[in-house]
Structures are given as C-alpha cells and as structure tokens.
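Please read the structure below before turning to the comments.
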There are 2 protein chains.
Amino acid sequence: MKPTIYDVAREAGVSIATVSKVINNTGRISEKTRQKVLKVMKQLDYQPSILASALTGKHTYTIGLLIPDIANPFFAELSRRVEDRGQELGFSVVMCSTDNDPDKTVRYITLLKQKSVDGIILASSFENHQVLKGLLEENFPIALISQEIPSLAIDSVTVDDFLGGYQVTEYLLQLGHQKIAIVAEKAPSNQKRMDGYRKAIADANVEMKENYMAITQATVEGGYHCANQLFDLPEPPTAIFACNDLIAIGVIKAARERNLKIPNDLSVVGFDNTFMAEMVDPPLSSVQQPICEMSRQVVDLLVKKIQGEKSRKRVVLLPELVVRKSTMPPEEQQ
Amino acid sequence: MKPTIYDVAREAGVSIATVSKVINNTGRISEKTRQKVLKVMKQLDYQPSILASALTGKHTYTIGLLIPDIANPFFAELSRRVEDRGQELGFSVVMCSTDNDPDKTVRYITLLKQKSVDGIILASSFENHQVLKGLLEENFPIALISQEIPSLAIDSVTVDDFLGGYQVTEYLLQLGHQKIAIVAEKAPSNQKRMDGYRKAIADANVEMKENYMAITQATVEGGYHCANQLFDLPEPPTAIFACNDLIAIGVIKAARERNLKIPNDLSVVGFDNTFMAEMVDPPLSSVQQPICEMSRQVVDLLVKKIQGEKSRKRVVLLPELVVRKSTMPPEEQQ
DNA sequence: TGTGATGTAGAAAAGCTTTTCGGAAAAACG
DNA sequence: CGTTTTTCCGAAAAGCTTTTCTACATCACA
C-alpha cells in the first residue's frame, strides 16, 4: 500500500540504511546516490512513518494541550496561538478539554503518555501534586500556562494576576469609586487577582466589605447571577470588577435588565481582553493578557525541555489595563 | 525507563506473547496466569505503547480535525463536540487550523498521514478535488462537515443551507420587509444560503437588488464594513441577513454607531446561533445549526469508516430559525 | 495404558525506521 | 604499483507490540 523505506531502497538499488541517511542528512553519501534516492522518493511519493521513527527513540513531534474548555474564547485563542507556534517548530498539538476535572485530567495525561507525545502544556488548573511530581521525576516535559505551583519546580508562564487585580482596583478608586465589588472564579489565578484587589482597597484606606466579593463559575450565567445578588445589597456597588470577560458580560446583561446604564450607573471591568470586550455594548474595559506572547513562550519552554534543556524557568508577563467605554467616575450619589 | 512488555513478561515469568494476549483479551489464557500478569502490570504501572501497537497494523486512535480557525466560536464549539464524541469512542483529536488556506490544508493532510492518524475530519473549506480523490482512492478515512462536494462520493454532514437562507428571508418578508440585504462570506455554504435568499425573494415577487448582496470575510470587521456600505445606499435596507453571527455583530456595531436602533430601524438576523447571539444587545435572531448533532454524526461516520465500513453517506440536518429580539416589522417608512 | 481432543504457552516473524560498525571501493601518496 | 587513508555503503540489531503456528501438558475416554 503506502511505500516504505524498503520500496525506496529496492527501487533505487541501495540499502535502507542509505535511504535513511539521505532522509536525515546523516552519514556520508555521495551526491550521485543522494540524488538517485531523492528522485525515487519523490517518484513514489514516499513519506517516512513518524511512528516507526519515534519507536527508535526519536520524537513524535506531537504535544498535548490541556485546557478547561475550548468554547471559552480565552482558551480558544490560546489554543490557536499554541498551535501556530507549535506548527512553526514542527509540532502538532492534540487538544484535550478537561473541564477542570482532575480525574479527566489524569486520564488525559496517561493517555497522552501512552501515545508518546513529546510533552504536555497544562492550561487547565490542576492541583494534583502527586501526579505532577511524578512527571517531573521521570523528566517528562511539561509546562504550565496561566498558573504556577509555588511548591513545585515546574516551568510556567503566567501573567502577574496580583498586579492585574491591583491595577484595576486602583484605577476604579482613582475614578472615585468607593463601592467596588469583585466577582471571581474559584481558581488560583483569580484568587491572586482578588488579593490584588484587597491590597489596593487597603492601600486606599477604603472599607473592605466581604459581601462585595463573590465567587462563581467562569460563565455568563455566573456573572449574571452574582451581579443580581450585588444589586440587591442595601448598598449596591458602583463598580464591579469581573475576573474574566464572560463574567463581565453576565454582569452587563444583569445591569441592562435592571435599566442600570453602563457606565453611568455602574462601571464594569473585565479580565482577559478577549475579542468579546470590543464586541459588547458598551465596549468593555478589560485587562489584557498577552495571550500571543504567553503561548509562544510556553511552547518555546516546552520544546526546549523536549530537546533536553535541563534548567527550569518561571516566566511572568505583565498585564495591561485597556480602558474602553464601560468605566467612568461614579455619578453624584443621591 | 518506562516498562515494556518485556519487563512485565520477565517479572511475571511468562513470555511476551502471553502478556500481549492478556492485554488484548485474545487467545486462551488460564485464569491463574492472567491474574499474575495483571498484577505485575499494575505493579509496574505498565502502559502499552500505542506507537508500537499501531506499527503492527492496529490503529493510532487519533484523528485529525481541520478547521478554518478555532478562534471563531462556531468552530470552537464544533471542535469541542468532536473532541467529546471522539473521546467517548476512544479517539484523540489533533487540531489543525487552516485559515482556509489550501496549501496549509494540503500540508496538514500529508503531515497527519505521516503521523498515521486513523482519519481526518474536514471542516474547513477545501476545493482541491485532486487531493480528495487521492484520499478516497487509497481508502483513507475522511469525512466532511459543513460542506459537501457534489462531484465526489465522500461522507459528509451538513445543514441544509439553502433552506436556512430561505427560511430567514421568508421570515423577514412575512414581517413586512421588502428591502432585505444579505452579507455572506465567500464559501460554498454561504453561497447556498444566498441561493435560498434569492429564491425566497423571487417567490415573493419582490424586487431583487444586486447591491443588497455583499461578500466579505467571516469577521466582525467584515460585517461592520459591509453594513456601512449598505447604509450609504440611496435606499438602505430595513433588514440585513448576516450569514454568520460574527458578521451580524459587525452589522450591529455599525448600526449602533449611526444611531440606528435595532430592531426598530433595522432588523438583523445571524446564522450559527453561537453563544454570542444571546450575549449581544439586543439578543440576536439567528439560525441554529445543530452543532452537537452534526459533530456527533461526523465522528460516528468517520469512526465507522475507520472500522472498515465501506458504504458512503451524506447526512443533511435541518436548520431552525431562533427568533430573539433583533427583528420586528419595519417601522412606517417616511 | 494409549489415543485423541483440548487447553495453554512460547518462539519467531512482521511492522518501519534508525544507528552502529565493519568492509569494500576509491583516492591519495610514496 | 603497493600501501595507507578516505569515502561510501550495507548487514544487522534495536525499538515495542501483535499474531501465527507449533509444542507441550492435561484431560477424557475407550
């Protein structure tokens, strides 16, 4: 059926070793035989099997990408960037949506290893130190994006979430807001954003209210739900910091239903700065994560590992608040 | 390093053939040795190499998914569904964004074959009959989604685009609109939607205007741009049928900038009914493609092919218009 | 006890590539 | 022309699994 290296060798009147050397540009081959072999390869449309090649100790040139859910635009874009950079470096990526489910994650990891992927990029949150430590010990290439694990020496690329949270809050405070709520997802990155929020509030000597802090899922519904709860408070906030864009959109939706004008009655800030931030009405102020750069870096980190690099590294990129039309100083309180 | 079948065999005091039989539940093995082998396997945490297995003619349990761009929510959701169904059937999916570039597509296809994927799902448009015919001839499993190729006997799952286009237009006509524009992407599926549009216009004996039909890219910008052109027409349309949701959002954005109220001054209908349709303000009427069902079907089709099924099949699902708040009868003309 | 049937396990080849090492041919040198 | 060096190529093993076919052991039965 498909031609093998034997077919090429026979057709070219040489041994398979010679063909292999031509393919890989190794050993010494006379120009004449090289040309002969190349010609036959083209003629038969021969493509070496990466499977067989990998079996001899070479790479599969495939990496696994674990994300919570590709349907979240942030991860969709991240995936795309990872794929692009992988492609540039000669790697394919197999997509694994974990829904942040630890069991599913573990199953995916063992499956990927069975399939001999060269390495794994972990973008979904995963707290099983046991498993991660295992991977590190057997020197299996792995890199984290959008999360780090303080107690493990594992490559990671993150954005400074604390700083991002601080910047947003500081910005809202500077606008004159005092009643600032935050809606976050239950995830380490969001926790840090919330820490930044707290610090900024504290630094400004503004009263910190526990019921201004809400935890929910990273979905439009989650944001919608929490916003409604916040609006029902005796002293509703004048600004809401949503820890990702989906949540922010939920907040906007809830506000619209109550005839709260944005930004006049309520300022809203998102996080991630996905394409939706520009899409929504009014355009959403949001914290830009340099997805492109992060993806690139994480792939590069992983590929270096695959190529045998030993040293480990944490890369921290800085976020940037992009101000659009969803924020303004609070209107005169009545 | 990683244990092999030899390690298990040695440890269990049997031959590798026996171990293989235990793994695959083939041949006759006494309960005693089976248990012994299983125990050792667990003990060593042995995972058979799918690579080596595939080399002997078995499957890699991996399929390729070619899509234009994962950053488009429609394809993001499609990917997720394909992955989920694949997962259920034991297949991983490697993600390939083609940007509808034919060369990139061809490169991806040959790469995937080199990696011995078991089959390919093609969701990005691809007109190279040469290549497709080649795949069919060598009986390489392949299935199309969201497109079909009339002149090739190739498995496909589509939605009835003509009908979808007809339904939207008919609906707008029934509301009383006479000036209905359409903005489409340059792709076969969109072409069919436009055919449906034409037919509905013709059936209603309404005048068909060539300058109500615009072609652009499947992006927010594309929709924005075309909408502006349409608004500048001497007789601007009272309704715009956008052939996908991204375009519709661009249209809405342009309308907003001109202070055109939706739906009062302009009705807008989208296509795909992605999550964005609910997100946008006002919620967008859009044509539902049964993504979940389509994805499931296409995976099932492909897997059947992989398992040796010979017969070929075209599955056509029916679209459904979901009416939300972006459409209403045209206001009294001045 | 001998014969045949049945159940169990292993040796070996196949699948496709890479790599090492040795040998033959060609070239260089005196 | 004989010898040494260089150049080129191939035989064979390794990598991990599956599968076939043979062989041995066990058992039932006459």
Side-chain angles (χ1 to χ4, degrees), chain A residues 1-41 44-62 90 110-118, chain B residues 1-41 44-62 90 110-118:
Chain A
M1 197 66 246
K2 248 176 40 171
T4 73
I5 200 170
Y6 283 93
D7 300 319
V8 176
R10 185 177 353 91
E11 210 66 26
V14 298
S15 79
I16 59 167
T18 304
V19 177
S20 178
K21 281 173 203 158
V22 170
I23 295 169
N24 300 292
N25 258 312
T26 59
R28 326 190 59 98
I29 302 287
S30 73
E31 196 50 30
K32 211 176 82 196
T33 43
R34 155 178 266 93
Q35 290 307 333
K36 193 170 50 182
V37 170
L38 285 175
K39 196 173 126 206
V40 173
M41 278 172 51
L44 299 185
D45 189 26
Y46 166 71
Q47 306 285 357
S49 156
I50 295 186
L51 239 60
S53 164
L55 199 57
T56 71
K58 295 202 143 186
H59 296 145
T60 55
Y61 294 98
T62 304
T110 65
L111 179 64
L112 288 170
K113 285 180 60 185
Q114 249 193 78
K115 293 202 174 171
S116 308
V117 300
D118 295 332
Chain B
M1 197 67 246
K2 249 180 31 175
T4 73
I5 199 171
Y6 283 93
D7 299 319
V8 176
R10 186 177 350 94
E11 210 66 26
V14 300
S15 77
I16 59 166
T18 303
V19 177
S20 177
K21 281 173 203 156
V22 170
I23 295 170
N24 300 292
N25 259 312
T26 60
R28 326 191 59 99
I29 302 286
S30 73
E31 195 50 28
K32 211 177 82 196
T33 42
R34 156 181 264 90
Q35 290 306 332
K36 192 170 51 180
V37 170
L38 285 174
K39 196 173 126 206
V40 173
M41 278 172 50
L44 298 185
D45 189 28
Y46 165 71
Q47 307 284 356
S49 157
I50 295 186
L51 239 61
S53 165
L55 199 56
T56 71
K58 296 201 143 188
H59 295 146
T60 54
Y61 294 98
T62 304
T110 66
L111 179 64
L112 288 170
K113 285 180 60 185
Q114 248 191 78
K115 294 203 174 171
S116 308
V117 299
D118 295 332

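So you know, we letter chains A, B, ... as the sequences are listed, proteins then strands, and number each from 1.
With hydrogens and angles ignored, the 3.5 Å screen pairs a side-chain donor or acceptor of A:Thr62 with a backbone N or O of A:Thr60. Judged purely by atom type and a 3.5 angstrom limit, A:Lys115 uses its side chain to pair as donor or acceptor with the backbone of B:Tyr61.
If one axis is set at each end of the helix from C:dT1-D:dA30 to C:dG30-D:dC1 from five pairs, those axes are 50° apart, to 10°.
As a whole-Å value, the separation of B:Tyr6 OH from D:dT17 P is 9 Å. Here C:dA9 presents its P atom at 19 Å from CZ of B:Arg10, a figure rounded to the nearest Å. Between A:Lys2 atom NZ and C:dG15 atom C1' the separation is 13 Å, expressed in whole Å. Distance A:Lys58 NZ to D:dC16 C1': 18 Å, rounded to the nearest Å. Rounded to an integer number of Å, the gap from B:Ile5 CD1 to C:dG10 P is 12 Å. If you measure from atom NE2 of A:His59 to atom P of D:dG15, you get 16 Å, rounded to the nearest angstrom. Taking atom OH of B:Tyr61 as the reference point, atom C1' of D:dT17 lies 13 Å away to the nearest angstrom. Rounded to an integer number of Å, the gap from B:Leu51 CG to C:dG15 P is 17 Å.
The nearest pair of heavy atoms linking B:Val14 to B:Val37 is CG2-CG2, 4.1 Å. When every heavy atom of B:Lys2 is checked against every heavy atom of A:Lys113, the shortest pair comes out as NZ-O, 3.4 Å.
A 4.5 Å side-chain heavy-atom check between B:Tyr46 and B:Ile5 finds at least one atom pair inside the cut-off. Looking at heavy atoms from C-beta onward, A:Lys58 lies in side-chain contact with A:Asn24 at the 4.5 angstrom threshold. Counting heavy atoms from C-beta on, the side chains of A:Thr33 and A:Lys21 never come closer than 4.5 Å. Side-chain atoms of A:Arg10 and A:Asp7, non-hydrogen and from C-beta on, do get closer than 4.5 Å to each other.
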A correct 5'-to-3' footprint of nucleotides 7-12 of chain D, with B, S and - meaning base, sugar-phosphate only and no protein heavy atom under 4.0 Å, is SSBBB-
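Using a 4.0 Å heavy-atom distance criterion, B:Ser49 is classed as a sugar-phosphate-only contact. Residue contacts shown for B:Thr4 are limited to sugar-phosphate atoms, with no base heavy atom under 4.0 Å away.
Atom CD of A:Glu11 and atom NZ of A:Lys39 lie 10.5 Å apart (nearest 0.5 Å).
Taking only side-chain atoms of B:Leu55, from C-beta outward, the nucleotide of C:dC16, D:dT17, D:dT18 with the closest atom is C:dC16.
Distances shorter than 4.0 Å separate none of the side-chain N or O atoms of A:Tyr46 from OP1 or OP2 on C:dC16.
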